[in-house]
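Read through the structure below, which is laid out as structure tokens, and then see the notes.
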Amino acid sequence: MFCEYNSITTNQPACHLHHDVVFLLPMENKVRVRFAPSPTGGLHLGGVRTVLYNYLFARKHGGDFILRIEDTDQSRYVPGAEEYIYETLKWCGLEPDESPRHGGKSGPYRQSERKESYRKYAEQLVEKGHAYYAFDTAEDLDAMRSRLRTEANPNPQYDHTVRNQMRNSLALSAAETKSLLENKTPYVIRIRMPEHETVTFHDLIRGDVTFDTSIVDDKVLLKADGMPTYHLAVVVDDHLMKITHAFRGEEWLPSAPVHVLLWRYLFGEEAMPKWAHLPLILGPSGKLSKRDGARYGFPVFAMNWQDPKTGEMTEGFREKGFLPEAFLNLLAMLGWNDGSEQEVFSKQELVDKFSIDKVHRSGAKFDYDKARWFNHEWIRKLPASAYSQQVKEYFAQQDLQVADNAYFEQVLELVKDRCTLLSDFWEHSYFFFRAPKEWDTEPLRSKWNSSREAFFKSLSKSLTSISSWTAASIETVFRQLAEQAGIKPGELQLPLRIMLVGGKFGPGVFQIAEVLGKEETVSRIDMALTQFDLR
RNA sequence: GCCGCGUUCGUCUAAGGGCUAGGACACCACCCUUUCACGGUGGUGAUACGGGUUCGAAUCCCGUACGCGGUACCA
């Protein structure tokens, strides 16, 4: 077995040297990768994971990470989608080195703004006989497909078997073609797939993949509106932008032979980037979709996305209460593993340990429970100050404006172990900000009596004059008083808890009291004493 | 249909010819806790099937089945 990077570095059969080998690349072969989304809506899990792997690979090898906007289909243009991409990358901490917004030496980075650069390559292919003009109308294509459609061939292709019966420069005479062109008849340029050729290319994840060119159709390269299709644009731009490694979803694998051929015809196959087709992220059934999220109640997009046309809102991981650290972590593990049993990785650890040959070959089904677990781990791991601003927003939704940051963070620190999502902080800590107005006294009903009431009255007094206000000192006073009253301290803890928070929940009672502070604690006990209804 | 890719506990995965196939999520039990959680300990649970190759196969080869992807002037 030989190392994937052999062709640009060394011929030693030493796969375990991958990382070192790439570092030795000469300057002109500097690693350059790109993420090339189509701005048609929210960015979903799979998209962000592709960004992540690109980013990780670039950082690991000291390369460049480029964001290229593939907006060649004007009919699918969605306002706001590009902004959404920037904001998502920013939130994730995966910002590109070059992009429409960040600039760079390979711009413009929006394909719609590069429109003029594609035509000449398509024409070049026509001249060399690797492509041809096709004048077929949509109706012509429909007619051809319905004429040829059978049970054995449900999806007839525009390929070598029918191209001679269509209206294109291969079937028409040179004079006819010339006149059609001169009369400005709309046309596309299609690749002329060779017959019975075998195209093999090496995929960094899957190894050698082979296709028979006879079964691939004559893909459109340049559309009637002059825009390139993905197939032409990806090859031309990867060349112009000096991309060295191209990572994309596995759904692109079937069209890879078209791209390989284009490279061969246009720039030489030896200049082609190394390909890696990433495994898909699956939903409960098939490729993860927005629908799955709606149906099963978990987010699919990185952040909230509102469709500008329908107004429909799709909830994102960010708003759901995920930490970017956790989001990245869970995405990284959906298709990659370093071979150890470690599961919680920081971004820096991922950069250090990532390697493309450890990326899995098979698709991974997204498990929302596991995703939540990652978030829980990160909430515990990070100091509350790292996410207190975000939690504040959830509190604001409950009409609570946080005034005292120190107090706020102290509370978050105390309850963070019990929270899975940032949105959970509210239910686990609201009582630190709002004194109870109602008390769940049901658990006390049978045990409440005048001696207990007396105990709490004296507790209130003693606490008022306590000198050091810590959980430990409060507990000491509490126990002493209980002993004097002849009541087991354990039996008095629940009543105290209910007085302080209103019910059977929350962290340790004495810790609650400590954080609440002397004044508030005493006031809540006094209030409860006057309001308890135990009859 | 055709082409391509894939297949280890329910899910994410480890094990690259050699130990009772390891871990995590979820689930169950127990412990901790006089609240609710968190946590801790333990348990149930997998190499799709059939053939080879080999002293020895989850691992290599072939076939079958199943799953997924693609089959647009969408990306």
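Proteins get letters first, then strands, A, B, ... in listed order; numbering begins at 1 in each.
- Proximity of A:Thr198 to A:Asp212: side-chain heavy atoms (C-beta onward) are nowhere separated by under 4.5 Å.
- For A:Lys223, a side-chain nitrogen or oxygen approaches OP1 or OP2 of B:A75 to under 4.0 Å.
- For the residue pair A:His277/A:Arg206, the side-chain donor-acceptor check at 3.5 Å is not satisfied.
- If you check B:G23, B:U71, B:C12 against the side chain of A:Leu334, the one that comes closest is B:C12.
- Across the protein-nucleic acid pair, A:Lys358 atom NZ and B:C12 atom P stand 18 Å apart, rounded to whole Å.
- Side-chain contact between A:Trp305 and A:Leu43 is absent, with no heavy atoms from C-beta onward closer than 4.5 Å.
- Out of B:A75, B:U35, B:G22, the shortest distance to the side chain of A:Leu494 is found at B:U35.
- Here the side chain of A:Tyr230 is nearest to one of B:C2, B:A75, B:A24, namely B:A75.
- Under the Watson-Crick or G-U wobble criterion, with both distances below 3.5 Å, B:U59 is left unpaired in every strand shown.
- Looking only at atom types and distance, the side chain of A:Asp208 has no donor-acceptor partner in the side chain of A:Thr200 under 3.5 Å away.
- For A:Asp73, the side-chain atoms get nearest to B:A75 when compared with the rest of B:A75, B:G4, B:C25.
- Contact between the side-chain N/O atoms of A:His231 and the OP1/OP2 oxygens of B:A72 is not found at any separation under 4.0 Å.
- Among the atoms of the strands shown, none is found under 4.0 Å from any heavy atom of A:Asp212.
- Put simply, CD1 on A:Ile189 is 20 Å from P on B:A72, counting in whole angstrom units.
- A:Leu172 places a side-chain heavy atom less than 4.5 Å from the side chain of A:Leu180.
- Between A:Arg361 and A:Pro279, every side-chain heavy-atom pair lies at or beyond the 4.5 Å cut-off.
- Comparing B:C62 with B:C27, their C1' atoms sit 40 Å apart, to the nearest whole Å.
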Taking only distance into account, with no hydrogens and no angle test, what donor-acceptor pairs under 3.5 Å do side-chain atoms of residues 492-503 of chain A form with protein atoms, sequence neighbours excluded?
unit_1, atom_1, unit_2, atom_2, d
A:Arg497, NH1, A:Phe505, O, 2.5
A:Arg497, NH1, A:Gly506, O, 3.3
A:Arg497, NH1, A:Pro507, O, 3.1
A:Arg497, NH2, A:Pro507, O, 2.9

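- When heavy atoms are screened at a 4.0 angstrom cut-off, A:Thr210 is found touching the sugar-phosphate backbone but no base atom.
- Within the 4.0 Å cut-off from OP1 or OP2 of B:C73, at least one side-chain nitrogen or oxygen of A:Arg190 is found.
- The residue A:Ala224 sits close to a base: some heavy atom pair falls under 4.0 Å.
- Comparing A:Ser255 and A:Gly490 by the nucleotide of RNA chain B whose heavy atom lies nearest to each, the residue mapping closer to the 5' end is A:Gly490.
- Residue contacts shown for A:Asp369 are limited to sugar-phosphate atoms, with no base heavy atom under 4.0 Å away.
- The only option from A:Asp218, A:Asp217, A:Asp136 that meets the salt bridge (charged side-chain N to carboxylate O under 4.0 Å, His left out) definition with A:Arg163 turns out to be A:Asp218.
- Counting non-hydrogen atoms under 4.0 angstrom, A:Arg372 reaches nothing in the nucleic acid.
- Among the heavy atoms of the strands lying under 4.0 Å from A:Arg145 are primed sugar atoms or P, OP1, OP2 only; no base atom is included.
- Note on A:Thr72: only backbone sugar-phosphate atoms sit closer than 4.0 angstrom, heavy atoms only; bases stay farther off.
- When heavy atoms are screened at a 4.0 angstrom cut-off, A:Gly506 is found touching base atoms of the nucleic acid.
- To the nearest whole angstrom, the two P atoms, one in B:C30 and one in B:C60, are 44 Å apart.
- Using P as the reference atom, B:G23 and B:A15 are 15 Å apart when rounded to the nearest Å.
- When each of A:Val209 and A:Val509 is assigned the nucleotide of RNA chain B bearing its nearest heavy atom, the one mapping closer to the 5' terminus is A:Val209.
- Non-hydrogen atoms lying under 4.0 Å from RNA chain B are contributed by A:Gly286, A:Lys287, all within residues 283-293 of chain A.
- Nucleotides B:U44 and B:G4 have their C1' atoms positioned 38 Å apart, rounded to a whole Å.
- Residue contacts for A:Arg361: at a heavy-atom cut-off of 4.0 Å it reaches the sugar-phosphate backbone alone, with no base atom in range.
- The only member of A:Lys115, A:Arg68, A:Glu82 that meets side chain to side chain contact (heavy atoms under 4.5 Å, CB included) when paired with A:Arg110 is A:Glu82.
- Here, B:C31 and B:C49 have their P atoms 40 Å apart, quoted to the whole Å.
- One interatomic measurement links the two molecules: CG of A:Asp367 to C1' of B:C9, which rounds to 13 Å at whole-angstrom precision.
- Using atom P as the reference point in both B:U13 and B:G52, the two lie 32 Å apart (nearest Å).
- Across B:C25 and B:U71, the matching C1' atoms stand 37 Å from one another, rounded to whole Å.
- Residue contacts for A:Pro507: at a heavy-atom cut-off of 4.0 Å it reaches a base atom on one of the strands shown.
- B:C32 is unpaired under the Watson-Crick or G-U wobble criterion, no partner having all donor-acceptor distances under 3.5 Å.
- The nucleotide B:C27 finds its pairing partner in B:G43, both defining distances of the Watson-Crick or G-U wobble pair being shorter than 3.5 Å.
- Straight-line distance from the OH atom of A:Tyr158 to the C1' atom of B:U71: 17 Å, rounded to whole Å.
- Within 4.0 Å of A:Val188, counting heavy atoms only, lies at least one base atom of the nucleic acid.
- Between A:Leu222 and A:Met227 there is no side-chain heavy-atom pair separated by less than 4.5 Å.
- Side chains of A:His196 and A:Ser214: a donor-acceptor N/O pair is present below 3.5 angstrom, by distance only.
- A:Arg380 has a side-chain polar atom (N or O) that falls below the 4.0 Å cut-off from OP1 or OP2 of B:G39.
- Residue A:Arg206 is in sugar-phosphate contact alone, with no base atom involved, counting any heavy-atom pair closer than 4.0 Å across all strands shown.
- The phosphate of B:C36 has neither OP1 nor OP2 within less than 4.0 Å of any side-chain N or O from A:His428.
- A:Asp440 has its CG atom 14 Å from the P atom of B:U35, to the nearest Å.
- When Watson-Crick and G-U wobble pairs are counted only if both distances are under 3.5 Å, B:A72 pairs with no nucleotide at all.
- Using a 4.0 Å heavy-atom distance criterion, A:Gly249 is classed as making no nucleic acid contact.
- With a cut-off of 3.5 Å on both pairing distances, the Watson-Crick or G-U wobble partner of B:A65 is B:U7.
- Using N1 to N3 plus N6-O4 or O6-N4 for Watson-Crick, or N1-O2 and O6-N3 for G-U wobble, each under 3.5 Å, B:A37 pairs with nothing.
- Look at the C1' atom in both B:G40 and B:U53: the space between them is 48 Å, to the nearest Å.
- A:His376 comes within 4.0 angstrom of the backbone, heavy atoms only, and of no base.
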